Protein chains: 2
Amino acid sequence: MSLLERTVKKIYPQNSELRSEAENRLNKLAMPPWSLGDLMDLAIDIAGITGTMTPAVKRKAIITMAGDHGVVVENVSKVPSEVTPQMVYNFVNGGAGINALARQVGAEVHVVDMGVAADLNDLATAGKIINKKVGLGTDNIAVGPAMSKTMARRAVESGIDIANDLSSRIDLFGTGDMGIGNTTPSTAIAAVCTGKSVEELTGRGTGLDDKQLDHKVSVIKKALETNRIDKNDGLDILAKVGGFEIGGIAGLILGAAANRKPVVIDGFISTAGALIAYKLEPFVRDYLIFSHLSVEQGHKIMQDFLGCRRPLLDLNFRLGEGTGAAVAMNLVEGAVAILTEVATFEEAAVAGADK
Amino acid sequence: MSLLERTVKKIYPQNSELRSEAENRLNKLAMPPWSLGDLMDLAIDIAGITGTMTPAVKRKAIITMAGDHGVVVENVSKVPSEVTPQMVYNFVNGGAGINALARQVGAEVHVVDMGVAADLNDLATAGKIINKKVGLGTDNIAVGPAMSKTMARRAVESGIDIANDLSSRIDLFGTGDMGIGNTTPSTAIAAVCTGKSVEELTGRGTGLDDKQLDHKVSVIKKALETNRIDKNDGLDILAKVGGFEIGGIAGLILGAAANRKPVVIDGFISTAGALIAYKLEPFVRDYLIFSHLSVEQGHKIMQDFLGCRRPLLDLNFRLGEGTGAAVAMNLVEGAVAILTEVATFEEAAVAGADK
């Protein structure tokens, strides 16, 4: 049995007994009923995911997966592919948005070369990035598949490997991405999985004008027509219109779920990764925490399709890298603090409301 | 000149030069334009408030102001007044929601007895709370003023004192409240200041049913009719239909602004305090950071009236104590990290978008 198949078999729904136990305790806290709202809902999820009333979430890591995209030759992005490796160097030097926000929350940042179209051996050899390179960027999805099915599996299993490697010392995972052009494959994945139109799902990425947006829509439509996609097969969707970093994110999510760790999902690209993971194993949904609602317009449609709780934040973010996931990790810690540190009416000797 | 008058004279609008300087830097960061959205807007505010490109926000304190309300005899709350001192003990023992959430963000919690209807001398003597008691609960606003004008001034000046005392070692203030029945005076203040109807502004507090809600509306209307309020005089509004802890919050806000410190505003009660502060000095608005949108229905109307940026969070909180402010402090730290720790395109040697 392959690593992917073994991993999928280890993913169960949340522990319903622990969910009930958490809900019971939260209902007794010395405060008006459910007056910390969404963080109490989240606390139930964390108890259900981890199977304990005292979940550990302090040891946090953002996994920022990087890859390039052949489809950029179709002029779907205003930014050149060279920026992908440049940003990898920026991550390694600690100067990017994700570095600043991960430091604030006390999360490690692990940068993974899933398929950057540049030689990053110096960084890999120095141990500054994790080398899981599947290829030097994907092929152009407007004219054929992004990658072979073998490469798709390898991308997903690389993400699983990382989750497995880190799970002994990390409690809470966050996803992140870097890849110029990657809103295009992510939108294609969203269209295949949700059944919504490309027009509804396509956003401006790093800043397209109306004409460029129309062009991007036409490129995505072409990719969906050119590639005959089996929409019930996550690996086929990934191979036909995906990306290496998107596959890595899907694998990380599956690996986290198999290890019963909550995984905070960043923005548009990460949610495309979550859709692939969901196609491979629907139970994975029980482990997802949506960090925020992106400016990218298709994001809400994807989140609604996955049907998890509404995102924790809505801050007009559209950067990726894992920035939304990092910020939301504070809220996960807060939710656990409510479950584990707040006294009940009885413990605090506080009178309840008149019935 | 009184402390209040001296304080008000020290409150100026944000520093517009620093705002421009911050905006210029944020526009050059190695990321798509303004792709960390609301936190970049917030970073400009913090630079404008503190007058520096490297604002300090690490040393944080939540000031939880407690007081009782004579109007509870009108049956406007399902919870008895005894819960106010019981919750003060819970705060001191570290078992309340605010303790858990303040710990998560690394904020001190200072509990202030502004006017609890119980003897809390043991806690004050032991240095566990700050004693600024103005009275043993307010009078019933349905039949007359909550307090004298002298007491209203004393409540506000107590809040100013606390801000002045802490400003040498605290960078970022958060407001909080505890007081059974205090959504009633807060709603009355909101009605006076915003001009909106009591029906629109009145919410269910700790959990009133429809009939109890109608009764609460009638009590607030009676308070507004019985008390002849000068709606242009913040101290008169506070004296007629306010509360001791609401006055303390107003003072804390004024004191923070006079010391050029940002102040994170918690929920419904804290926003009533902000309205009083605004009536005393409109420039105070430049120092307010709305933490969250409360479930309490009048909150959005009050926030819109004050016209600051939209709240950072919307988590269905309705607890008070400073809980929303505590959670939002992480976002303030994140905003500053974006301003001070993220590299520009030039610094990171990353190519920009094609123009």
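Because the structure is a prediction, the values reported are computed rather than measured. By convention in this document, chain letters (A, B, ...) are assigned in the order of the sequence lines, proteins followed by strands, and residues within each chain are numbered from 1.
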- prompt: Using non-hydrogen atoms only, which part of Glu333(B) is less than 4.5 Å away from chain A: side chain, backbone, both, or neither?
  reply: both

field: chain A contacts, top residue of Ala96(B), Pro33(B), Ala348(B) (heavy-atom pairs, under 4.5 Å)
entry: Pro33(B)

- prompt: Could you name the residues of residues 318-326 of chain A that have a heavy atom within less than 4.5 Å of a heavy atom in chain B?
  reply: Arg318(A), Leu319(A), Thr323(A)

field: Side-chain (Glu341(A)) to main-chain (Asn99(B)) donor-acceptor, under 3.5 angstrom
entry: no

message: If you compare all heavy atoms of Ala343(A) against all heavy atoms of Asn90(B), which two are closest, and at what distance to 0.1 Å?
response: CB-OD1, 4.1 Å

- prompt: Does Asn316(B) reach the side chain of Trp34(A), with side-chain heavy atoms less than 4.5 Å apart?
  reply: no

Side-chain touch Asn330(A)/Val327(B), heavy atoms, less than 4.5 angstrom: no

message: Restricting to non-hydrogen atoms, name the atom on Ala100(A) and the atom on Val342(B) that form the minimum distance, rounded to 0.1 Å.
response: CB-CG2, 3.7 Å

- prompt: Which answer fits Asp41(B), side chain, backbone, both or neither, if we ask what part of it has an atom under 4.5 Å from a heavy atom of chain A?
  reply: neither

Proximity breakdown for Leu312(A) and chain B, heavy-atom pairs closer than 4.5 Å: both

query: With sequence neighbours excluded, what pairs up with Asp304(B) under the salt bridge (charged side-chain N to carboxylate O under 4.0 Å, His left out) test?
result: Lys300(B)

query: Among Met31(A), Glu82(A), Gln86(A), Arg103(A), who wins on heavy-atom pairs under 4.5 Å with chain B?
result: Gln86(A)

query: What is the minimum heavy-atom distance between Phe317(A) and Leu36(B), and which atoms define it?
result: CE1-O, 3.3 Å

- line: Okay, Leu313(B) and chain A: the region with an atom under 4.5 Å from a heavy atom over there is side chain

- request: Name the member of Gly94(B), Ser35(B), Ala337(B) that forms the most heavy-atom pairs with chain A at distances under 4.5 Å.
  value: Ser35(B)

- line: When the 4.5 angstrom heavy-atom criterion is applied to Val350(A) and chain B, the contacting part is both

query: Relative to chain B, which segment of Ala30(A) carries a heavy atom at a distance below 4.5 Å: side chain, backbone, both, or neither?
result: both

Pairwise distance CE(Met40(B)) to CG(Leu315(A)) - rounded to 0.5 angstrom: 12.5 Å

